[in-house]
2 protein chains.
Amino acid sequence: MIPSISSPKIAFAGADHDHRRCVAAALAAATELCARRGVRLTELRRRVLELVWRSHAPQGAYAILETLRRRGRRAAPPTVYRALEFLLAQGLIHRIESASAFVGCTTPGRPHAGHFLICSDCGATAEVDDSRVGSALRDSAAEVGFRVERQTIELSGYCPDCQDESLDGEPSD
Amino acid sequence: MIPSISSPKIAFAGADHDHRRCVAAALAAATELCARRGVRLTELRRRVLELVWRSHAPQGAYAILETLRRRGRRAAPPTVYRALEFLLAQGLIHRIESASAFVGCTTPGRPHAGHFLICSDCGATAEVDDSRVGSALRDSAAEVGFRVERQTIELSGYCPDCQDESLDGEPSD
DNA sequence: GGCGTTATGTTATACTATAACAGTCTTGAG
DNA sequence: CTCAAGACTGTTATAGTATAACATAACGCC
Ligand SMILES: [Zn+2]
Ligand SMILES: [Zn+2]
Ligand SMILES: [Zn+2]
Ligand SMILES: [Zn+2]
């Protein structure tokens, strides 16, 4: 195994990527998925999903609310939280506990239990599903007789882009 | 491998254990540690630590506040949060992000990055430090060029005691 | 169109956490 | 011992996150 020079796996969307494609793909997948399941991706839910996908950094509920209002929609906290609740239930978004914020799911459609890499600098978040992590956790839990139902795995640190920048002389603060 | 009959590792304090010993041990360790580091485990901080250790279930800041007040101490939210901040900095407690609550550290004294098993039924929480999990996560992050600074790993599910109970006929909900 | 169900609007409130400043206690230098 | 600097705590106010409860509106089936 010679991983040294080979390009790393892609996990973080580059700073230059065409994000409109991300959003469009997420909305298309959500539309298809909800249709297949016979649940309603209403206009409000679609707009909230779109705002969650506004960036790859987790979005707070009140930031979403604020934007909805600026765009002319009547909205209060329950408006947003109910939409988020629906999107969570459908597996279209995830909640980042350590940030009290929400991020779009990159592989909706089937159950999956991955983990998140969250850049402390730019906020960019990558969703990773690594079987080694899952099995290590399952083994570890099984050894003490614990039955796992839900997992929250969030690693904070620095994404490739922000590590590079810190070399360029920007005082890390 | 025949794990069936062999007793599992101990991670969860049994429902019957003498919890006063847990508290006493935690306070003693904290006293010793703070003395060695030259930081002050004041009366308030000690009392807050004791209240965090009131149970193996994570304790909310406002529950601690409430108890402090009932016991006659003048206290407001900052009183508690400042003490919790100190205890976190000294590694005497951990914050459970998915519960916005705090739990005593079972192995204070040196840096460690383990994970938590949290019973959805009784709340009991076990702190586990499994090298396989750590290395799986580190490998996984390294492959995508992510530099990990902090990790939040919280597994929700059912502890051995509560799995047993659910078999005893108690309707699961 | 009537009607049950689902979704959204609206108001109020609970829960979690921190800012800002004042007063008190501890500690060590002189 | 005294006092000044720093650390700790008290106090008030407010920010940020989330939900309860009830009213109204939209949908979808008959
Ligand atoms: Zn993108
Ligand atoms: Zn970054
Ligand atoms: Zn105990
Ligand atoms: Zn339990």
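Every chain is numbered from 1 and lettered A, B, ... according to where its sequence line falls, protein lines coming before strand lines.
- Side-chain to base pairing of B/Y62 with C/dA14: no donor and acceptor N or O lie closer than 3.5 Å to each other.
- Taking atom CG on A/L41 and atom C1' on D/dA26, their separation rounds to 16 Å, with Å as the unit.
- Rounding to whole angstrom units, CG of residue A/L44 and P of D/dA25 are separated by 17 Å.
- Donor-acceptor pairing under 3.5 Å is lacking for the side chains of A/R73 and A/T79.
- Distances from the side chain of B/R40 to the nucleotides C/dT6, C/dT8, C/dT26 place C/dT26 closest.
- If you measure from atom CD of B/E66 to atom P of C/dA14, you get 14 Å, rounded to the nearest angstrom.
- Phosphate proximity of C/dT8 to A/T42: present, with a side-chain N or O under 4.0 Å from OP1 or OP2.
- Counting to the nearest Å, the P atom of D/dT9 and the CD1 atom of B/I64 are 15 Å from each other.
- When the P atom of D/dC8 is taken as reference, atom CG of B/L68 falls 18 Å away, rounded to whole Å.
- Both B/V39 and B/P78 lie close to DNA chain D; mapped to their nearest nucleotides by heavy-atom distance, the more 5′-ward contact belongs to B/V39.
- In this structure, B/L65 places its CG atom 14 Å from P of C/dT18, rounding to the nearest Å.
- Within the 4.5 Å cutoff, side-chain heavy atoms of B/H112 are placed close to those of B/H94.
- In terms of phosphate contacts, B/R73 brings a side-chain nitrogen or oxygen within less than 4.0 Å of OP1 or OP2 of D/dG10.
- Distance, B/R82 CZ to C/dC25 P: 15 Å, rounded to whole Å.
- In this structure, A/R74 places its CZ atom 18 Å from C1' of D/dA26, rounding to the nearest Å.
- Under the 3.5 Å distance criterion, with hydrogens and angles disregarded, a donor-acceptor pair is assigned to the side chains of A/S98 and A/E154.
- A 4.5 Å side-chain heavy-atom check between A/P108 and A/Q90 finds every atom pair outside the cut-off.
- Here B/Y81 does not reach the OP1 or OP2 of C/dT18: none of its side-chain N or O atoms lies under 4.0 Å away.
- Classified by interplanar angle (parallel below 30°, tilted 30° to 60°, perpendicular above 60°), the ring pair A/Y81/A/Y62 is perpendicular.
- At C/dT8, none of the side-chain N or O atoms of A/T79 fall inside 4.0 Å of OP1 or OP2 (strictly under the cut-off).
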